[in-house]
Undergrad: 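Structure below; questions to follow.
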Amino acid sequence: MWCHKLLHLQSRLQNLMKRGDIGQALHLSNFKSLFSLSIHWCHTSSKSVNCTWLQHEDHLELQYANAVMRFDYVWLRDHCRSASCYNSKTHQRSLDTASVDLCIKPKTIRLNESTLFFTWPDGHVTRYDLDWLVKNSYEGQKLKVIQPRILWNAELYQQAQVPSVDFQSFLETNDELKKFLQNLLLYGIAFVENVPPTQEHTEKLAERISLIRETIYGRMWYFTSDFSRGDTAYTKLALDRHTDTTYFQEPCGIQVFHCLKHEGTGGRTLLVDGFYAAQQVLQKAPEEFELLSKVPLKHEYIENVGECHNHMIGIGPVLNIYPWNKELYLIRYNNYDRAVINTVPYDVVHRWYTAHRTLTTELRRPENELWVKLKPGKVLFIDNWRILHGRESFTGYRQLCGCYLTRDDVLNTARLLGLHA
Ligand SMILES: C[N+](C)(C)CCCC[C@H](N)C(=O)O
Ligand SMILES: O=C(O)CCC(=O)C(=O)O
Ligand SMILES: [Fe+2]
């Protein structure tokens with residue numbers, strides 16, 4: 001009975017809080033205390049800052065800066081930034097989280113200026129700046145974009161007139177490197193021009209941004225249509241749009257292409273913004289978008305050519321999204337390398353094929369295709385987690401070199417230059 005009443009009161013109060021009707025909420029909480037139900041409902045408000053909070057049984061409800069946030073008590077104890085709990089020099093936690101009582105509750109909470117003080121049962125005091133709490137709350141994070149991007153089709157990309165960066169200034173100035181990285185992060189592709197057409201210069205370029213990710217293809221790779229490896233990339237055939245290394249648990253982050261030579265016809269490179277296409281799917285058929293983000297798939301690379309023996313398997317959905325804000329961060333799309341689907345029952349399989357068809361239709365719209373002819377001196381960087389690439393069939397002798405970059409290190413460089421990454 002009491003419990004029922006308390007729940008009712010609690011939900012009314014929460015609704016009032018949500019509507020921002022603090023006066024009413026305060027009134028109710030006073031009313032409740034008359035009936036001595038207030039043991040866990042201590043409510044305090046500060047005069048100096050516009051901040052109120054409710055101490056629930058298992059969490060703190062904080063209203064500040066036009067936001068209602070909820071913090072678990074263990075979380076509040078765990079993130080304590082006091083000298084004994086956190087090393088602010090190394091930014092590492094010293095507190096042993098496993099030593100925190102999972103039923104912990106603050107003994108008292110008080111506000112001074114813009115700092116909230118929690119005193120825990122053992123006397124330890126944790127202090128949080130209100131702005132830190134806003135910034136680090138789940139509610140705040142949910143609204144934030146992890147990686148800002150500009151989605152494009154061919155026309156939008158051409159209109160944007162994204163400039164290429166010159167090789168020398170790229171090597172010599174941080175400003176140019178930053179500009180380049182900003183474009184790579186926003187559009188998922190970027191070009192460097194006037195690069196001497198050698199593998200060594202391409203490597204130097206790559207190393208300016210990040211660590212090179214060595215794979216079964218080597219550190220720097222160099223390929224022609226010589227069938228030297230068991231993959232159609234090493235032929236003159238056309239390749240439909242795809243992302244690379246879908247058969248790795250973590251597909252390579254960035255791909256670098258430098259065409260060192262082409263004496264012949266065809267061989268243009270196709271680029272398609274996979275996130276733009278996925279966004280169209282989300283708008284037209286949200287349940288299909290969801291399915292593509294849920295069904296795990298296997299991709300596989302089996303090679304037995306000459307000395308090269310490899311068997312790689314990568315598992316993950318086509319669309320990878322952050323669960324808390326639904327932001328898309330990785331598309332795994334390679335119809336050549338997709339392995340047997342056996343991770344879901346037959347009826348889901350059929351729905352998956354329908355969703356895959358919708359995505360493919362978007363990816364294949366001619367207006368989404370950006371065609372470029374790679375030439376010696378012009379190096380292309382592709383975000384392999386977002387942009388699909390392909391190529392036209394070709395004739396004659398064509399030599400391409402390049403490498404993959406470790407995504408973490410590209411982002412690291414970007415952040416060090418002050419970019420949001
Ligand atoms: C030639 N190069 C080393 C760039 C990559 C070849 C990888 C091709 C493979 N089918 C894939 O899509 O992952
Ligand atoms: O030959 C090309 O232009 C690209 C081939 C390809 O898809 C790859 O190497 O990953
Ligand atoms: Fe490829």
Side-chain angles (χ1 to χ4, degrees), residues 188-189 191 197 199 202-203 206 212-274 297-306 308-316 318 330-339 363 369-376 378-407:
I189 52 174
F191 294 91
Q199 184 171 303
T202 312
E203 182 171 9
I212 291 171
R213 177 161 172 194
E214 189 166 345
T215 66
I216 49 171
Y217 303 106
R219 185 181 141 80
M220 290 299 294
W221 29 257
Y222 177 84
F223 71 101
T224 59
S225 48
D226 62 1
F227 302 92
S228 63
R229 300 291 300 262
D231 190 277
T232 37
Y234 298 77
T235 66
K236 291 181 199 288
L237 298 172
L239 292 175
D240 191 27
R241 64 223 70 196
H242 64 274
T243 59
D244 267 23
T245 62
T246 47
Y247 40 79
F248 289 175
Q249 273 306 104
E250 189 196 295
C252 291
I254 307 290
Q255 182 162 39
V256 184
F257 277 136
H258 191 178
C259 183
L260 302 179
K261 204 178 261 179
H262 186 199
E263 292 146 0
T265 57
R268 282 180 309 160
T269 297
L270 166 64
L271 299 164
V272 178
D273 186 352
L297 287 183
K298 289 180 195 154
H299 287 80
E300 193 168 29
Y301 182 81
I302 305 171
E303 179 181 36
N304 281 302
V305 172
C308 301
H309 302 284
N310 293 294
H311 189 174
M312 305 299 255
I313 296 178
I315 302 175
V318 174
L330 161 66
I331 180 166
R332 212 184 262 265
Y333 186 100
N334 192 321
N335 208 50
Y336 302 111
D337 296 332
R338 186 161 48 73
L363 289 168
E369 298 181 340
L370 183 72
W371 287 94
V372 291
K373 176 73 185 156
L374 298 181
K375 295 201 171 82
K378 186 166 176 160
V379 179
L380 166 62
F381 287 73
I382 305 171
D383 182 344
N384 188 52
W385 281 23
R386 164 178 169 188
I387 307 290
L388 287 77
H389 64 277
R391 75 157 184 237
E392 197 179 26
S393 64
F394 61 92
T395 65
Y397 187 69
R398 183 170 176 267
Q399 241 184 20
L400 230 73
C401 89
C403 60
Y404 296 113
L405 304 181
T406 312
R407 186 179 201 80

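The shown structure was predicted, so the numbers you read here are calculated from the model rather than taken from an experiment. Along the sequence shown, residues are numbered consecutively beginning with 1. All values below were derived from every heavy atom in this structure, side-chain atoms included, with hydrogens, water molecules and symmetry-related copies excluded. Ligands are counted one by one from 1 in listed order, and the atoms in each one are counted from 1 as well.
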Undergrad: Does a sphere of radius 6.0 Å around NZ in Lys236 hold more than 12 heavy atoms from other residues, nucleotides or ligands, not counting ones at 6.0 Å or beyond?
TA: yes
Undergrad: Show which atoms of ligand 1 fall inside a sub-4.0 Å distance from at least one heavy-atom site of Phe223.
TA: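 Answer for ligand 1: 1 (C).
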Undergrad: Looking only at heavy atoms, which two atoms of Val305 and Phe227 are closest? And how far apart?
TA: CG1-O, 4.2 Å
Undergrad: Short list, please: which atoms of ligand 1 are under 4.0 Å from a heavy atom of Asp337?
TA: 9 (C), 10 (N), 11 (C), 12 (O), 13 (O)
Undergrad: Is it the case that the side chain of Arg241 and the backbone of Val272 share a donor-acceptor pair, with hydrogens and angles ignored and the cut-off at 3.5 Å?
TA: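 Flag not set: sc Arg241 to bb Val272 has no pair under 3.5 Å.
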Undergrad: If you count the atoms of ligand 1 from 1 in the order shown, which ones are under 4.0 Å from a heavy atom of Trp221?
TA: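 Going through ligand 1 atom by atom, the ones under 4.0 Å from Trp221 are 3 (C), 4 (C).
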Undergrad: I'd like to check which ligand 1 atoms, numbered from 1 as shown, lie under 4.0 Å from a non-hydrogen atom of Asp231.
TA: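 Reading through ligand 1 atom by atom, the close ones are 8 (C), 9 (C), 10 (N).
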Undergrad: Using a 4.0 Å heavy-atom cut-off, say whether Asp244 meets ligand 1 through its side chain, its backbone, both or neither.
TA: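 It is both parts that get close, each with some atom under 4.0 Å.
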Undergrad: Using modelled atom types and a 3.5 Å cut-off, is there a donor and acceptor pairing between side-chain atoms of Thr243 and backbone atoms of Tyr333?
TA: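 Confirmed, Thr243 side chain pairs with Tyr333 backbone.
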Undergrad: Give the contacting part of Thr246 toward ligand 1: side chain, backbone, both or neither, where contact means a heavy-atom distance below 4.0 Å.
TA: neither
Undergrad: In Asp244, the N, O or S atom nearest to the Fe ion (ligand 3) is which?
TA: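 When I compare the N, O and S atoms of Asp244, OD1 is nearest to the Fe ion (ligand 3).
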Undergrad: Quick test of your reading of the structure: of Tyr217, Phe257, Tyr234, whose heavy atom lies closest to atom 4 (C) of ligand 2?
TA: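 Checking each option, the heavy atom nearest atom 4 (C) of ligand 2 is found in Phe257.
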Undergrad: How close does the nearest protein non-hydrogen atom get to atom 1 (C) of ligand 1, and which residue and atom is it?
TA: Tyr234 OH, 3.4 Å
Undergrad: Checking contacts here: is it the side chain or the backbone of Leu400 that comes within 4.0 Å of ligand 2, counting heavy atoms only? Could be both or neither.
TA: side chain
Undergrad: Looking only at heavy atoms of Tyr301, does any of them come nearer than 4.0 Å to an atom of ligand 1?
TA: no
Undergrad: If I apply the N/O under 3.5 Å rule, does Thr245 come out as touching ligand 1?
TA: yes
Undergrad: In terms of atom number and element, which parts of ligand 2 are under 4.0 angstrom from non-hydrogen atoms of Phe223?
TA: 1 (O), 9 (O)
Undergrad: Given Thr224, Leu239, Asn384, which has its nearest heavy atom closest to atom 5 (C) of ligand 2?
TA: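 Looking at heavy atoms only, Leu239 sits closest to atom 5 (C) of ligand 2.
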Undergrad: Please verify the inter-ring angle class for Tyr217 with Tyr234; under 30° counts as parallel, over 60° as perpendicular, anything in between as tilted.
TA: parallel
Undergrad: Does even one non-hydrogen atom of Arg229 get within less than 4.0 Å of ligand 1?
TA: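 In this structure, Arg229 fails to qualify as a contact of ligand 1 - no heavy atom is under 4.0 Å.
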Undergrad: Is a side-chain donor or acceptor of Thr202 paired with a backbone partner of His258 at a separation under 3.5 angstrom?
TA: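 Judged by distance alone, no pair lies under 3.5 Å.
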Undergrad: Going by the atom numbers of ligand 1, which of them fall below 4.0 Å from some non-hydrogen atom of Gln255?
TA: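 Heavy-atom distances to Gln255 below 4.0 Å select 4 (C).
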Undergrad: Got a donor-acceptor contact below 3.5 angstrom from the Asn384 side chain to the Cys252 backbone?
TA: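 Side chain of Asn384 to backbone of Cys252: a pair is present.
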Undergrad: Near Tyr404, which atoms of ligand 1 are under 4.0 Å from a heavy atom of that residue?
TA: 2 (N), 4 (C), 5 (C)
Undergrad: How close does the nearest protein non-hydrogen atom get to atom 1 (O) of ligand 2, and which residue and atom is it?
TA: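 Result for atom 1 (O) of ligand 2: Arg391 NH1, 2.7 Å.
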Undergrad: Which atoms of ligand 2 are found less than 4.0 Å from any heavy atom of Gln255?
TA: 10 (O)
Undergrad: Could you identify the single nearest non-hydrogen protein atom to atom 7 (C) of ligand 1 and state the distance to 0.1 Å?
TA: Tyr217 OH, 3.4 Å
Undergrad: Regarding Asp244 and His242, is there a side-chain donor-to-acceptor distance under 3.5 Å anywhere?
TA: yes
Undergrad: Taking all heavy atoms of Gly266 and all of Lys373, pick out the closest pair and write down the distance.
TA: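 Closest approach of Gly266 to Lys373, heavy atoms only: O-NZ, 2.9 Å.
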Undergrad: Side chain or backbone, does Thr269 bring an N or O within less than 3.5 Å of an N or O on ligand 2?
TA: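 N/O-N/O distance under 3.5 Å: no.
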Undergrad: Closest heavy-atom contact between Trp385 and Pro251?
TA: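 Shortest heavy-atom separation between Trp385 and Pro251 comes out as NE1-O, 2.8 Å.
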Undergrad: Where is the tightest heavy-atom contact between Cys403 and Ala206, given as atom of each residue plus distance?
TA: SG-CB, 3.7 Å
Undergrad: For ligand 1, indicate whether the residue Tyr336 contacts it via side chain, backbone, both or neither (heavy-atom separation under 4.0 Å).
TA: neither
Undergrad: Looking at every non-hydrogen atom in both residues, tell me the closest pair between Arg229 and Asn310 and how far apart they are.
TA: NH2-ND2, 3.6 Å
Undergrad: Please list, in number order, the atoms of ligand 2 under 4.0 Å from a heavy atom of His242.
TA: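 Taking each heavy atom of His242 in turn, ligand 2 has 7 (O) under 4.0 Å.
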Undergrad: Please could you name the atoms of ligand 2 that Arg398 approaches to less than 4.0 Å, counting only its heavy atoms?
TA: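 Answer for ligand 2: 1 (O), 2 (C), 3 (O).
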Undergrad: Between atom CZ of Arg332 and atom NZ of Lys298, what is the distance when rounded to the nearest 0.5 Å?
TA: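 With rounding to 0.5 Å, CZ (Arg332) is 13.0 Å from NZ (Lys298).
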Undergrad: Working to the nearest 0.5 Å, report the span between CG of Leu405 and CD1 of Ile382.
TA: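 Leu405 CG to Ile382 CD1: 11.0 Å, rounded to 0.5 Å.
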Undergrad: Short N/O distance, under 3.5 Å, between Asp244 and ligand 2?
TA: yes
Undergrad: Closest heavy-atom contact between Leu370 and Ile189?
TA: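 Looks like CD2-CD1, 3.8 Å.
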